[in-house]
Amino acid sequence: MRLILLGPPGVGKGTQAEKICSKFSIPHISTGEILREAVKNKTEVGLQAKVYMDRGELVPDSVVIQLVKSRILQPDSSSGFLLDGFPRTVAQAHALDCQLDTLEKPITVVIQLDAGEDEIVKRLTGRRMCPECGKGYHIAFLKPTKDGVCDQCNADLIQRFDDSEATVRRRLAVYLEKTHDLIDYYKRQNKLLTIDAGREIEIITEDIIKKLSVIS
Ligand code: AP5
Ligand code: MG
């Protein structure tokens with residue numbers, strides 16, 4: 001199964017991706033995670049990307065397309081994958097389609113997560129993450145057992161560097177400007193599965209898995 005998770009910042013792509021990937025045993029490919037790792041390691045791509053990520057802007061297509069192209073050629077992606085946060089522009093979607101056409105392995109379904117803006121802002125401002133293992137939490141909706149501490153590795157939880165209010169606002173605007181058009185793009189391909197993501201985490205997961213199980 002080759003899946004795309006599409007939706008605005010904070011809608012719950014990463015949260016749902018973990019559960020879907022574990023259920024269907026496919027790799028979770030998050031361009032945001034790959035870029036944050038590059039920023040942390042101060043690689044050439046990381047240094048270039050940080051300038052854009054700090055402002056809530058998209059990293060240039062050429063950089064991101066190249067990252068994903070090589071990632072989906074790795075052996076663990078041969079029987080499927082889930083793309084989280086890619087594509088984000090029509091140019092990225094075209095490049096992906098071209099590569100997958102050549103491989104004769106088209107996208108199976110695009111899962112569009114949909115929720116209201118107020119809910120999204122609450123989710124982003126309350127998000128916390130573990131700097132060691134990357135596990136995500138929320139101060140109200142997905143609390144760790146001990147406040148502010150990761151359940152898995154005991155590290156102090158932090159806020160993501162691009163979750164400041166001004167950057168969140170810019171990320172939401174950029175989504176509407178550049179990524180929202182992909183809903184129509186995939187609707188025209190008859191691949192869009194729209195999911196109400198304004199519900200509880202487990203209910204959304206059950207809904208997605210039930211719908212994907214019919215397809216696979
Ligand atoms: P990226 O990391 O992809 O960020 P994003 O799209 O802005 O989305 P988020 O990761 O912030 O949110 P999410 O939808 O994963 O929500 P989550 O599950 O964490 O990209 C970051 C940056 O990298 C971009 O701004 C750009 O600069 C660059 N970039 C990445 N990909 C790119 C590309 N393709 N092209 C160019 N640039 C690119 O959930 C959020 C919070 O809500 C959590 O606390 C969670 O616990 C909670 N939560 C989740 N679901 C629920 C629920 N149902 N109810 C209550 N709380 C919930
Ligand atoms: Mg995410």
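Please read these numbers as outputs of a predicted model, since none were measured by experiment. What you see below is based on every heavy atom in this structure, not just the backbone, and it leaves out hydrogens, waters and symmetry mates. Just follow the structure's listing: the first ligand is 1, and inside any ligand the first atom is 1.
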Looking only at heavy atoms, is any part of Arg160 under 4.0 Å from ligand 1, and if so is it the side chain, the backbone, or both, or is it neither?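 Near ligand 1, Arg160 shows its side chain, while the N, CA, C and O stay back.
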What part of Ile204, side chain from CB on, backbone N/CA/C/O, both or neither, has a heavy atom under 4.0 Å from ligand 1?
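Just the side chain.
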Heavy-atom nearest neighbour of atom 40 (C) of ligand 1 within options Gly10, Ala115, Ala17
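Going through Gly10, Ala115, Ala17 one by one, Gly10 has the nearest heavy atom to atom 40 (C) of ligand 1.
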_As a check for students: among Leu35, Leu5, Asp196, identify the option with a heavy atom nearest to atom 28 (C) of ligand 1._
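Selected option, by shortest heavy-atom distance: Leu35.
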(Q) Within the supplied structure, the quantity of interest is the number of heavy atoms (other residues, nucleotides, ligands) at a distance under 6.0 Å from Asp147 CG; does it exceed 12? (A)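 No, not enclosed.
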Cation-aromatic face contact Arg55/Tyr52, 6.0 Å, 45 degrees: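 Here Arg55 passes the 6.0 Å and 45° test against Tyr52.
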Should Gln92 and Val68 be marked as a side chain to side chain contact (heavy atoms under 4.5 Å, CB included) after you check the CA-CA gap, both sets of side-chain angles, and the distance that decides it? CA-CA 10 Å; Gln92 292 179 16; Val68 174; over 6 Å; no
Please confirm whether [X] comes within less than 3.5 Å of ligand 1 when only nitrogen or oxygen atoms on both sides are compared.
X	value
Lys13	yes
Asp163	no
Arg88	yes

For Leu82 and Ala17, which heavy atoms make the closest approach, and how far apart are they?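 Residues Leu82 and Ala17, closest heavy atoms: CD2-CB, 3.8 Å.
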* Mark up the atoms of ligand 1 that fall under 4.0 Å of a heavy atom belonging to Leu142, in ascending order. =>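 The list of qualifying atoms is 46 (O).
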